[in-house]
Amino acid sequence: MAESTSTSEAVSYGYEGDVALVCVDNPPVNATGIAVRKGLVDAFQAINDEGKAKAIALYCAGRTFIAGADIREFGGPRLEPSLTDVCNSLEQSEIPSVSIMHGTTLGGGYETALATHARVALKGSKFGLPEVLLGIIPGAGGTQRLPRLSGIPFTLDIAVSGRHATVEEGVEKGAIDRVVEPGDPREIAIAMGKEVIAGTLPTRRTGEIDVTPDDAAIEGALAMVQKKNPHLINLAACVNSIAASTKPLKEGLAVERENIMRCMESPQRSGLIHAFFGERAVSNIPEAKGDTRPLDKIGVIGGGTMGSGITTSCLMAGIPVRLIEVQQEGLDRGVATITKNLDGAVSRGKMSQDKRDAALAMLEPSLEMGDLADVDLVIEAVFEKMEIKKEIFGKLDTICKPGAILASNTSYLDINAIADMTNRPQDVLGLHFFSPAHVMRLLEIVQGAKTAPDALATGFALAKKLKKVGVLAQVCDGFIGNRILGHYGKVISYLVLDGASPAQVDQALENFGMAMGPHKVGDLAGLDIGYMTRQRRKEEGLPANERYGGDIADLICEREGYGRKTGKGYYLYETGAPVPNPAVEEIINEVRADKGITPKDFSEQDIIDRYMTAFISEAARVVEDGTAKRPVDVDMVFLFGYGFPRHRGGPLHYADTIGAAELVRRIETYAKEDPNYWQVPPLLRKMAEDGTKFADMNS
Ligand code: T1G
């Protein structure tokens, strides 16, 4: 190419014959930051002014076409031109243009392509309008221009789900004009520019196309979002914007602008964007980098719920697994569960039947621990008893090859004590999966006192391979998640002891946005886990003046059952939706009478405030003592492992919306009832004094 002219540090243009080439080069994903927006407008303007070209081809350097607006700019000062202005000016170009889409053309990137006069994509690439996943809506014409090409139903599908669609599907729906074989985007840009000039690649202004109204689709979508995500304000805003696409473009864009600005102001947007960057920040730490060890074959000990889930997750990632059990019956049960898990993934469209068959073929069940001699990593997932785990690690120490990593899936126990059962504590760490382990994305990676850096980094490498969110945790009782759960779990039992019903607490927290209330979660996971932990704590001796809140739960386990797996717990699991178990109410009244407690009324906000204040208190201590590296690590643990509402960003992101001073005030108020449980963490008091936020501790 003759020389190119830069119109900003991220955009340049040049000519290949009659074709003008506009190139965006803004790593890592060509997001439309101000330099890209300004550069695009100026490049198109210059080309039109110079009048040398008969076609303009827009392409990007690097791994992808524009993957959206620059999310880092959100919440900051608004810099002109807006992306809507950019798209409007590109669409008005007198010289016809075509976009060459490769990688993942998303959000503002696809809106930019919609504003050019034709769209050509490389085979295997993806496109979409995922803005709703960030708490906003497409805001640069996506809700107005896509319906003009593909109709309202497809636009609703793409924009309300936020899914990344294949470009092949895009051609079927008219959202993309042509798919070409993969190649150098610049070379394809020249070829397609020539086709525009030759007229073999038709061009048109999308904005001039009319939209066929579809009220039924709009009403259906509004009903669906209200049912599926009643908490999120942006989904209905997205549907309403798409509904406005039947208006003239200018009016429709005004409706879209009004809706996106409302979403931008909402705390849901900052929560969801905190989640987006947090998911990436947890592995952006020195401990996750550096040398790693091989992960070509994994051994899993224990074919129970966790062992079979972990095995399924590894097989789905293409890693062969040797599954060890002590008895044939247990081994058969494990293989059956794994097979059921894989079949479930096929029926949910998560994997093809061929991949399912290939995965199952990589499973090697065995009753011989000795068969673990050649594996790269062993994950122990047996009963949560220290003696059993110590015995197993003692054996593994003699069986496994040098350099093999020995991991425990313990949910609470001391990794250092387990490591000390071996002569290779540097090879030992915790890999704490969450049930169901082939579905839940969180993996707590627990660093022992002697865990070697490459063993730890291998834990993060495994998380990446399994498409999980790996979070670094230090050793303590329950690591990050269960330790904090252990603390706020008490306030739930205190609320029920003091007057609230389990169903009332569940409803309040579900209205707060929890996927499932704590009593339903307990029933799902099995009340026996908590029961054994409480018995262990009682045996170890409870702290002197701690108010014990487990009486009700203990009696439910002893009299009723362990929840879903036994058909009853806090709720009854017969036909249809679970209903509160009336026997629980009797148990509650009995325990209150025993303890001389006069029940009091709690409003929904009281329940949420006490729950979240307890939650945040222990989370602050976990950050303070270094069990978690940063507040964002705590937030991601709860978003990806405990069903904490994503639009709230996590407990400590949420804490910043309340403020440390108010949290300290609340704790001091509640402490009048129970000074032992309600104590102000020093970190929170300091933050209240110097006005800092948890967000300030994330960099
Ligand atoms: N803005 C800023 N940074 C971004 C970014 C974006 N849109 N997308 C990715 N990054 C950073 C990311 O933080 C990471 O940085 C690096 O790029 C690699 O990303 C008006 C308003 C494109 C599929 O929602 O889904 O357009 O951690 O690790 O797994 O309507 O990133 O290395 O420092 O995720 O290969 C709509 C969001 C925006 C797409 C690549 N667009 N991005 O995945 O790499 S809103 C999106 C993604 C919008 C308009 C509205 C993924 C990806 P770092 P990565 P990846």
Inset, instruction - Flag the pair V579 / Y571 as yes when at least one side-chain heavy-atom distance between them is below 4.5 Å, and no otherwise. - result: no

Legend entry - L323 side chain reached by S366 side chain, heavy atoms, under 4.5 Å: no

Legend entry - Results of side chain to side chain donor-acceptor pair (under 3.5 Å) for D609 - residues two or more places apart only: Q605

Inset, instruction - Answer yes or no: are there more than 12 heavy-atom neighbours, outside K385 itself, under 6.0 Å from its atom NZ? - result: no

Legend entry - Between CG on residue L342 and NZ on residue K350, distance to nearest 0.5 Å: 14.0 Å

Legend entry - K600 atom NZ, neighbour heavy-atom count above 12 within 6.0 Å: yes

Legend entry - L663 side chain near I616 side chain, heavy-atom distance below 4.5 Å: yes

Inset, instruction - Please check if the side chain of T451 supplies one atom and the backbone of V428 the other of a donor-acceptor pair under 3.5 Å. - result: yes

Legend entry - side chain to side chain contact (heavy atoms under 4.5 Å, CB included) assessment of N409 paired with F434: CA-CA 9 Å; N409 176 57; F434 288 74; over 6 Å; no

Inset, instruction - Could you tell me which residues satisfy side-chain contact (heavy atoms from CB on, under 4.5 Å) with A688, sequence neighbours excluded, listed by chain and number? - result: A660, A661, V664

Inset, instruction - Output yes when R621 and E624 qualify as a salt bridge under the 4.0 Å nitrogen-oxygen rule, no when they do not. - result: no

Legend entry - Side chain proximity check, F694 to V632, heavy atoms < 4.5 angstrom: no

Legend entry - Carboxylate-amine/guanidinium proximity below 4.0 Å for D633 and R630: yes

Legend entry - Short side-chain to backbone donor-acceptor contact, Q268 and I233, under 3.5 Å: yes

Legend entry - For E586, side-chain contact (heavy atoms from CB on, under 4.5 Å) partners two or more places apart: none

Inset, instruction - Please confirm whether the backbone N or O of G448 pairs with a side-chain atom of N416, one donor and one acceptor, at under 3.5 Å? - result: no

Inset, instruction - Go through the steps for Q507 and N511 under the test side chain to side chain donor-acceptor pair (under 3.5 Å), then give the verdict. - result: CA-CA 6 Å; Q507 192 56 59; N511 292 350; 2.8 Å; yes

Legend entry - Set of ring pair (Phe, Tyr, Trp, His ring centres under 6.0 Å) partners for Y488, sequence neighbours left out: Y611, F615

Legend entry - Listed partners of D690 passing side chain to side chain donor-acceptor pair (under 3.5 Å), at least two apart: K686, T692

Inset, instruction - Please tell me if the side chains of T337 and T305 come closer than 4.5 Å, counting only heavy atoms from C-beta onward. - result: no

Legend entry - Least distance between heavy atoms, R269 atom then C263 atom: CB-O, 3.4 Å

Inset, instruction - Return each pair, listed once, that meets side chain to side chain donor-acceptor pair (under 3.5 Å) where at least one residue sits in residues 434-447; pairs must be two or more places apart or across chains. - result: E279-R441, H432-E444, Q447-Q474

Inset, instruction - List the steps, then state whether side chain to side chain contact (heavy atoms under 4.5 Å, CB included) holds for I418 with L406. - result: CA-CA 10 Å; I418 293 172; L406 311 181; over 6 Å; no

Legend entry - Evaluation steps, salt bridge (charged side-chain N to carboxylate O under 4.0 Å, His left out), between K629 and E287: CA-CA 11 Å; K629 204 174 172 68; E287 292 88 346; 2.9 Å; yes

Legend entry - V439: side-chain contact (heavy atoms from CB on, under 4.5 Å) partners, not counting sequence neighbours: R348, P436

Inset, instruction - Check S617 against P681 and note the closest heavy-atom contact, atom names and distance. - result: O-CG, 3.4 Å

Inset, instruction - Return the set of residues passing ring pair (Phe, Tyr, Trp, His ring centres under 6.0 Å) with Y677 (not counting sequence neighbours), or none when no residue passes. - result: H487, Y494

Inset, instruction - Please report the C-alpha distance between T312 and N341 in whole Å, then the side-chain angles of each, then the deciding distance to 0.1 Å, and finally whether the side chain to side chain donor-acceptor pair (under 3.5 Å) criterion is met. - result: CA-CA 7 Å; T312 307; N341 290 345; 3.0 Å; yes

Inset, instruction - Using side chain to side chain donor-acceptor pair (under 3.5 Å) as the criterion, list what pairs up with K390, not counting sequence neighbours. - result: none

Legend entry - N482 side chain to Y412 backbone, donor-acceptor under 3.5 Å: no

Inset, instruction - For D601, look at atom CG and say whether over 12 heavy atoms of other residues, nucleotides or ligands are found less than 6.0 Å away. - result: no

Legend entry - Residues in ring pair (Phe, Tyr, Trp, His ring centres under 6.0 Å) contact with Y573, at least two apart in sequence or another chain: none

Legend entry - For F479 against A473, the heavy-atom pair lying closest together: CB-CB, 4.2 Å

Inset, instruction - List the atom of P651, the atom of V634, and the distance in Å for their closest heavy-atom pair. - result: CG-CG1, 4.1 Å

Legend entry - Sidechain-backbone polar pair: R592 side chain, L497 backbone, donor-acceptor under 3.5 Å: yes

Legend entry - Residues E391, K395; criterion salt bridge (charged side-chain N to carboxylate O under 4.0 Å, His left out); working and verdict: CA-CA 6 Å; E391 190 200 330; K395 286 194 186 131; 3.1 Å; yes

Legend entry - Note, V496 side chain near I552 side chain (heavy atom, < 4.5 Å): yes

Inset, instruction - Kindly give the heavy-atom pair with the smallest separation between G481 and F638, and that separation in Å. - result: O-CZ, 3.6 Å

Legend entry - Pairs touching residues 647-659 that satisfy side chain to side chain donor-acceptor pair (under 3.5 Å), sequence neighbours left out: S270-H653

Inset, instruction - Can you tell me which residue pairs pass the salt bridge (charged side-chain N to carboxylate O under 4.0 Å, His left out) test with a partner in residues 492-519, sequence neighbours excluded? - result: D498-R547, E510-K520

Inset, instruction - Give a yes or no on whether the backbone of A437 and the side-chain of K468 come within a donor-acceptor separation of less than 3.5 Å. - result: yes

Legend entry - CD (Q679) with more than 12 external heavy atoms under 6.0 Å: yes

Legend entry - Flag, side chain of E558 to backbone of A553, donor-acceptor distance under 3.5 Å: no

Inset, instruction - Keeping the roles fixed (side chain from N589, backbone from E585), state whether a donor-acceptor pair exists under 3.5 Å. - result: yes

Legend entry - Side chain D606, main chain S603, donor-acceptor under 3.5 Å: yes

Inset, instruction - Compare all side-chain heavy atoms of L443 with those of F433 and state whether any distance is below 4.5 angstrom. - result: yes

Inset, instruction - Show the numbers, then the answer: is there a salt bridge (charged side-chain N to carboxylate O under 4.0 Å, His left out) between D523 and K565? - result: CA-CA 8 Å; D523 276 0; K565 56 182 160 186; over 6 Å; no

Legend entry - Minimum side-chain heavy-atom gap I529-Y562 below 4.5 Å: no

Legend entry - S493 versus G549, closest heavy-atom pair with distance: CB-O, 3.2 Å

Legend entry - Trace of the side chain to side chain donor-acceptor pair (under 3.5 Å) decision for E384 with T410: CA-CA 6 Å; E384 190 73 345; T410 178; 2.8 Å; yes

Inset, instruction - Supply the atom-to-atom distance L431 CG to I310 CD1, rounded to the nearest 0.5 angstrom. - result: 8.5 Å

Legend entry - Check: T613 side chain, R610 main-chain N or O, donor-acceptor pair, under 3.5 Å: no

